[in-house]
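Below is one structure; the comments refer to it alone.
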Number of protein chains: 2
Amino acid sequence: MNKIENILESKNIRVTAMRLLIYKFLAQKEIAVTLSDIENAFEKADRTTLYRTIKTFEENDIVHQIDDGTGITKYALCEKDCNCEIETDLHLHFHCNNCNETVCLTDHKIPQIKVPDGYISENVNLVVKGICDKCSG
Amino acid sequence: MNKIENILESKNIRVTAMRLLIYKFLAQKEIAVTLSDIENAFEKADRTTLYRTIKTFEENDIVHQIDDGTGITKYALCEKDCNCEIETDLHLHFHCNNCNETVCLTDHKIPQIKVPDGYISENVNLVVKGICDKCSG
DNA sequence: GGTAAAATGCACTTCCATTGCAAGGTGTTA
DNA sequence: TAACACCTTGCAATGGAAGTGCATTTTACC
Ligand SMILES: [Mn+2]
Ligand SMILES: [Mn+2]
Ligand SMILES: [Zn+2]
Ligand SMILES: [Zn+2]
C-alpha cells in the first residue's frame, strides 16, 4: 500500500515524516531540483535537514546527483531498479538554456566512450544543453 | 618571434605582463587548472586580476572552461584553430579519480548525441571519470 | 607629455555546500 | 514501562569559490 515506506525500509532507512514529504515532492516533480527548490517547498523545515535527507537518499541510491553545469547541484529520483553506479546504466541529462530546467533522459543511455590507452573509464557524465521541448514549441 | 604577444594582439587584447605570465603558465601545464592553482603559482598577484584575466581569455576563445564535476571550475588553453563554440569541435575531458587531475582529450571528439523529438541540442559536456594513464601504470 | 580607456588591486559581498553540537524522537531490550 | 542507545532534526557557524564596486595604476594613442 504505502509504497514509499516500503522503499525506505528496503534500504534500511528510517521512515520519518520529513523523508516521506521530500520523497513525494521529488516524485511529483518531473525535473531535477536544487536544494533551494526543496527549501522553498518546505519553508518550515530547516535547510540542514533537507540537505541531509537528500544526502541520505543519495547514499542509498534513491536519488542521483546531477551536475548540469549551472554550478548548482541538482537531484532527481532514480528509476526503480536503476543502477546508477553501473556505467552502462547511465543516462544523459538535458539542460534547457531557456527555462533553465534540467531533466533526466532516462531512456537515452550514454554511448560507449573510447578513451586513450592507459586510461580506465569508470563513470561518464553527459549533459546536453539546448532548448527543451516545452520551450522549442 | 614572440608568439604569445601575437596571439593576444590577434584577439585585440592588450599585452600585459600578467597576461603573458598566465598564458605561459597555462601553456606549460598539460592539465586543466583551477583559479586556485593559478593563485598559488602567482602569489604576488591579486586573485581578482587572475580571475579577470582568465575571464578575458575565455571570452576571447583563448581558454575554455571545464566543468569536471568536482564543483570547481577549471580552465585549459584552447588548441590553435579550435572552435570551442562549434558543437562538432567539442572534445571530451577526463577526470582522474586518483590524482584528481583533469585533462583535455582534444583528439577525442564528442560523438553525435541523439535527443528526443522537440529538444534542440546546442552544446554538449562530456566528462569521463576513471583512472588516468599516469595512475593506472 | 597629455588624455582616455583599459587593467590592476583591495575590500567587500553573495551564494551554496558542509559541519559541530545540542535537543528531540524512535525503537529495542531488560 | 523505564532505561538506553542510536538516529534525526534544528540552529549556528564555517569554508570555499565566484563575482562586484571603486579607487589607483598602467597602457595605447595622439
Ligand atoms: Mn538523471
Ligand atoms: Mn578541453
Ligand atoms: Zn526549456
Ligand atoms: Zn591520475
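Here is how names work: the chains are called A, B, and so on, in the same order as the sequence lines, proteins then strands, and each is numbered from 1.
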Check: Quick one: side-chain contact (heavy atoms from CB on, under 4.5 Å) partners of B:T34, sequence neighbours excluded?
Finding: B:S36, B:D37, B:I72, B:K74
Next item on the list: Would you sort out whether B:I62 and B:T56 count as a side-chain contact (heavy atoms from CB on, under 4.5 Å), showing the intermediate values?
Entry: CA-CA 8 Å; B:I62 294 171; B:T56 301; over 6 Å; no
Notebook entry, point to check: Can A:E122 and B:K129 be counted as an ion pair, charged N to O under 4.0 angstrom?
Noted result: no
Check: Short question: side chain of B:K134, backbone of B:I131 - any donor-acceptor pair under 3.5 Å?
Finding: no
Item checked: SB check A:E9 A:R14 (cutoff 4.0 Å) -> no
Next item on the list: Quick one: label B:T73 by what it contacts on the DNA or RNA (base, sugar-phosphate, nothing), any heavy atom closer than 4.0 Å.
Entry: sugar-phosphate
Notebook entry, point to check: Starting at CD of A:E39 and ending at C1' of C:dC15, how long is that distance when rounded to a whole Å?
Noted result: 11 Å
Next item on the list: Classify the angle between the aromatic ring planes of B:F25 and B:F42 as parallel (below 30°), tilted (30 to 60°) or perpendicular (above 60°).
Entry: perpendicular
Checklist line | Rounded distance in Å - CD (B:E43) to P (C:dG9) | finding: 14 Å
Next item on the list: Verify the contact: side-chain N or O of B:Y51 to OP1 or OP2 of D:dA18, cut-off strictly under 4.0 Å; return yes or no.
Entry: no
Checklist line | nucleotides 7-16 of chain D: protein proximity per nucleotide (B base, S sugar-phosphate only, - neither; heavy atom, under 4.0 Å) | finding: SSBBBB----
Next item on the list: Whole angstrom is fine here: how far is it from CZ in B:R47 over to C1' in C:dG9?
Entry: 12 Å
